[in-house]
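As structure tokens, the structure follows; a few thoughts come after it.
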Amino acid sequence: MAGPSAASGGKPIRDRDIGARTLAVVTENTQRHPEHAGPHPASPADLPTQYAPAEVEEKLYEGWVARGYFEADPKSERPPYAIVIPPPNVTGSLHLGHAFQHTLMDALTRRRRMQGYEALWLPGMDHAGIATQNKVEQQLAEEGKSRQDLGREAFVERVWQWKEEYGGRILGQMRRLGDGVDWSRERFTMDRGLSRAVQTIFKRLYDDGLIYRAERIINWCPRCLTAISDIEVEYQEDSGELVSLRYGEGEETVVVATTRAETMLGDTAVAVHPDDARYRHLIGRQIKLPLTDRSIPVVADPHVDPEFGTGAVKVTPAHDPNDFEIGRRHDLPSLTVLDERGVITAHGPFEGLDRFEARAAIVHALRGQGRVVAEKRPYVHSVGHCSRCDTTVEPRLSMQWWVKVAPLAQAAGDAVRDGRTAIHPPEMASRYFDWVDNMHDWTISRQLWWGHRIPVWYGPDGEAVCVGPDEEPPGTEAEGWRQDPDVLDTWFSSGLWPFSTLGWPDETPDLAKFYPTSVLVTGYDIIFFWVARMMMFGTYVMDEVPFRSIALTGLVRDEHGKKMSKSFGNVVDPLDWMEAYGSDAVRFTLAGGANPGTDVPIGEDWVKASRNFANKIWNATRFALMNGATVTGPLPDAAEMSAADRWILSRLNEVVAETDRHYEDYQFARLSDVLYHFAWDEVFDWYVELSKTAFARGGRAAEVAGRVLGEVLDVMLRLLHPVIPFVTEELWTTLTDGESLVVAAWPADSGFRDAAAEGEIRTVQRAVTEVRRFRAEQGLQPGQKVPARLALAGTPLTAHEEAVRQLLRLQPEGDGFQATATLPVEGATVELDLSGAIDVEAERKRLTKDLAAAEKELKQTTAKLGNEGFLGKAPEQVVEKIRARRAAAESDITRLKDQLARLG
RNA sequence: GGGCGCGUAGCUCAGCGGCAGAGCGCCUGCCUUACAAGCAGGAUGUCACUGGUUCGAACCCAGUCGUGCCCACCA
């Protein structure tokens, strides 16, 4: 673990627990470089100038939790703001994708809480049916056992044990990240309450005829031995063979192409397109099927594409979804030739062969039959694999439970269409509609043991009874009743998450207060299966959308924009970065990359940059404390304040307004950018430097500057807190003696603006930058004090002589001005005494370059202003801007020519 | 096969009609009393290409090329 001493390059940090308040008192004597400080072992000179996140983060987090800040009160009068966490799998651990979304959710709830909302962020986990069951089965396998050895009840017991022992590692990691979740409301999808919710909605759907049982072709994993849904299938390009087989005898033959020769044993027809002239004569005839003693009919079906292959297709209703449909249309029998493990069941020489062995064996056997194999060529095509274990999925005819989605999906689509739920960014809505408008019925039964068991009982006479949550089974096993052995798809229970976690089906205060929730934050990759299901179930049972808006995030990628994956070896554990640079640094980096709906690249260098930002804030606050900045009492009258004070307060309020705007649009990258640049460029680089003259002067001037600086930091720390809660909390409580930023008020735009001050300071900035450039090019060292004579009368700089001298390290003018360079700045002059050291050539070069640029600008702006089309059509503001630019260019040219002339 | 997006500095990306930007990286000089995890200064672009609309295009339109993702019952 990289502690503060490692991160600080080994500089001594004597007392790591020293807080900034102590610092404020003792840092007067702090030497910047302790190694030069001489032998004062116990002197305050060794105190840290570097922020050490590891020391404060855990302590602060536990304090927040202990004080119950994150616990929401449903009886509160405050307006509600609620987010339910997308429940991570119980088997999972925190990856950067979580860290990313959690940062956004945390920032949203923290800001709302500060704004006075009753804010709830509800945590929990998903039981993750297949994933968890696989995990425990693996564990058993290591002991040489299978789940069948244990039996169902003992196995489920074992899974619960596993959950207690290993599950939920992610919850601890969330604390490390700083997630302000309400731990008193933590939920698990297999909780008793949530199970009741599952049973309740199942029964309701069943009674409404929206759940039914049917035998159909489903995706089957021959390894997991369960049905899986379409979304649990991952398609990969596999190379196989396309084999053309000649069916029939004599004149009546037809060639069909297949990648799955082994299923020919289950063929019950050949299909051709009804309009295909090549085969019209065969329609309705029987053809001899090779290797068997069966003959099968040729049927005409419009599904067949005459352009593909030979235009004729073998039909295996029991082993292919399309063929199943064709079979239904033509009333063909289904002949199952593969069992649940993908092994041939058809009697004959192939019985007992695995499907892949059988494929080769059958092609081999057919080759032995003369002209049956008409052609064989390599063929790359897309094949479904089980997303859990990568086994090739087998389409299988079986009896499963289904949800009839059409009416539910209609309602889910309408909710977005009529604006009850808004999708951010709006472009993403089309993906949502694509999904809900084209949804197939959903297979919800799984042949697993870990999950919510289907609440249907079968009686001795084959009758089925769906049992509600508070009902007894219709009969005992002794009487011949037994419960359906299957469990429900994991997504069935997570689809209920936004209201089941709040207590539904009971009418709880939580449900009344916090449903519908405010926003769902999730990746665009799961908009399809999860979001749509919550929308369906929410509108179905609650008659109200589950969330007012959906904020879609992108995926986290590495620093080159590449997907993080184990095979690339570019996966980063966010915990490592949090240890090394602090949670704030990771959070700030992630938030800074969060443009709505687009992917987020992240690299260690960027986290370091964020760490540097936190450190910068730390040191700026140290400066403020050392100079007696205050945060209480009214701000000084505008008349008492310097232009710099008025400028920074004006900017501060603009920043407050801008931050709010970006929060409303989920523009985290923009608000991070605004705050970063305001803090660093404006407050730290300019305001703090400008305020030094006032602090140096002391008295009332220092008091005023201290109050303004205190105000700026106070507000700034509040604005930054939702994104970087730790460093802001540590500094703010010290600076203000306040209880906690978690429960502090969110800043409001006071409306204070001072355009004149903003203009004045911009002028100072321009002038100072220009002289600095001159100094740099003259080879003057930044700290080197230079005697200078300032003539600023009648210019915007009049009031800022002291500041200009301070910023430029100019000494009061002395006598012997020997070789003097003159720099007219905005009509003012600054004469530096360079004691004959001026580099005339360097200066001439610089001025010539600037002159060329100014002349180009003049030419361009003049051309523009001479353009009648432009004058007629451009908005007045734009024209005005161009005029100002031309005027500036003109004055620059005069000035530069004058300066060049002086150089001789 | 269908749909959506993206090509802007060395890298990763903002900007989406009115002076081409940021972070990181790079060059020069600095321990300037808050901060060397820092400070000051500097360099860097056919805004993928070709046409069009417009007084004005990185931005709007059409096409081309490149690239990524999603969907689909590609035998």
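Numbered from 1 within each chain, the chains take letters A, B, ... in sequence-line order.
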[atom1] gap between [N] and [M], integer Å:
N	M	atom1	result
G52(B)	C26(B)	P	44 Å
G3(B)	A22(B)	C1'	33 Å
G51(B)	A43(B)	C1'	35 Å
G25(B)	G42(B)	C1'	15 Å
G5(B)	G10(B)	P	28 Å
A58(B)	G45(B)	C1'	11 Å
A48(B)	C24(B)	P	25 Å
C13(B)	C74(B)	P	33 Å

Table of protein N/O atoms under 3.5 Å from nucleotides 52-55 of chain B N/O atoms:
unit_1: C55(B); atom_1: OP1; unit_2: Lys873(A); atom_2: NZ; d: 2.1
unit_1: C55(B); atom_1: O2'; unit_2: Asn867(A); atom_2: ND2; d: 2.6

Roughly how far, to the nearest 0.5 Å, is [atom2] of [Y] from [atom1] of [X]?
X	Y	atom1	atom2	value
Arg622(A)	Leu731(A)	CZ	CG	11.0 Å
Leu717(A)	Ile724(A)	CG	CD1	8.0 Å
Arg377(A)	Glu241(A)	CZ	CD	11.0 Å
Thr589(A)	Arg611(A)	OG1	CZ	10.5 Å
Leu865(A)	Phe870(A)	CG	CZ	6.0 Å
His273(A)	Tyr279(A)	NE2	OH	13.0 Å

Any [X] side-chain nitrogen or oxygen under 4.0 Å from OP1 or OP2 of [N]:
X	N	result
Thr589(A)	G23(B)	no
Trp680(A)	C39(B)	yes
Lys849(A)	G42(B)	no
Asn627(A)	A34(B)	no
Arg775(A)	C30(B)	no
Lys692(A)	U32(B)	no

Nucleotide nearest [X] (side chain, heavy atoms from C-beta), chosen from [options]:
X	options	result
Asn615(A)	A75(B), A37(B), G41(B)	A37(B)
Arg885(A)	C19(B), C24(B), A34(B)	C19(B)
Pro601(A)	C39(B), G41(B), U12(B)	U12(B)
Val304(A)	A75(B), C39(B), G41(B)	A75(B)
Glu689(A)	G38(B), A34(B), G41(B)	A34(B)
Arg772(A)	A75(B), A14(B), G41(B)	G41(B)
Asn595(A)	A14(B), U32(B), C35(B)	A14(B)
Tyr676(A)	G23(B), C70(B), A36(B)	G23(B)
Asp305(A)	A75(B), C35(B), G23(B)	A75(B)

Per nearest nucleotide of RNA chain B, the residue lying toward the 5' end, Phe623(A) or Lys563(A), is Phe623(A)
Between Phe684(A) and Asp434(A), which is nearer to the 5' end of RNA chain B once each is assigned its nearest nucleotide?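 Of the two residues, Asp434(A) wins.
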Taking atom [atom2] of [N] as reference, at what distance in whole Å does atom [atom1] of [X] sit?
X	N	atom1	atom2	value
Leu671(A)	A14(B)	CG	P	16 Å
Ile602(A)	C24(B)	CD1	P	15 Å
Phe613(A)	A36(B)	CZ	P	17 Å
Trp618(A)	C35(B)	CH2	P	14 Å
Gln765(A)	G41(B)	CD	P	11 Å

Could you list all the salt bridge (charged side-chain N to carboxylate O under 4.0 Å, His left out) pairs where at least one residue sits in residues 867-878 of chain A, not counting sequence neighbours? Glu876(A)-Arg883(A)
Using a heavy-atom cut-off of 4.0 Å across all strands, would you classify [X] as base, sugar-phosphate, or nothing?
X	value
Gln667(A)	nothing
Thr861(A)	nothing
Thr769(A)	sugar-phosphate
Arg670(A)	sugar-phosphate
His303(A)	base
Val256(A)	nothing
Ala271(A)	nothing
Arg773(A)	sugar-phosphate
Asp599(A)	nothing
Ser430(A)	nothing

Less than 4.5 Å apart, side chain to side chain, heavy atoms only: is that true for Pro317(A) and Thr268(A)? yes
Would you say Arg328(A) has more than 12 foreign heavy atoms packed within less than 6.0 Å of its CZ? no
Report, as yes or no, whether the 6.0 Å neighbourhood of atom NZ on Lys881(A) holds more than 12 heavy atoms from other residues, nucleotides or ligands. no
Annotated structure of RNA chain B as dot-bracket, pair cut-off 3.5 Å, Watson-Crick or G-U only, | for inter-strand, is ((((((((.[[[[.)..(..]]]].(((((.......))))).....[[[[[..)....]]]]])))))))....
Any donor-acceptor pair, under 3.5 Å, between the side chain of Arg611(A) and the base of A37(B), if you only look at N and O atoms?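 Checked by distance alone, the answer is yes.
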Asp323(A) to Lys314(A) - nearest heavy-atom pair and separation: OD2-O, 3.3 Å
Shortest non-hydrogen contact from Ser691(A) to Phe623(A)?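 Heavy atoms of Ser691(A) and Phe623(A) come nearest at OG-CE2, 4.2 Å.
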Going by atom types alone, do Tyr51(A) and Asn612(A) pair a side-chain donor with an acceptor below 3.5 Å?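 No pair is found: no donor N or O on one side chain lies under 3.5 Å from an acceptor on the other.
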Salt bridge check: are Glu394(A) and Arg260(A) linked by an N-O gap of less than 4.0 Å? yes
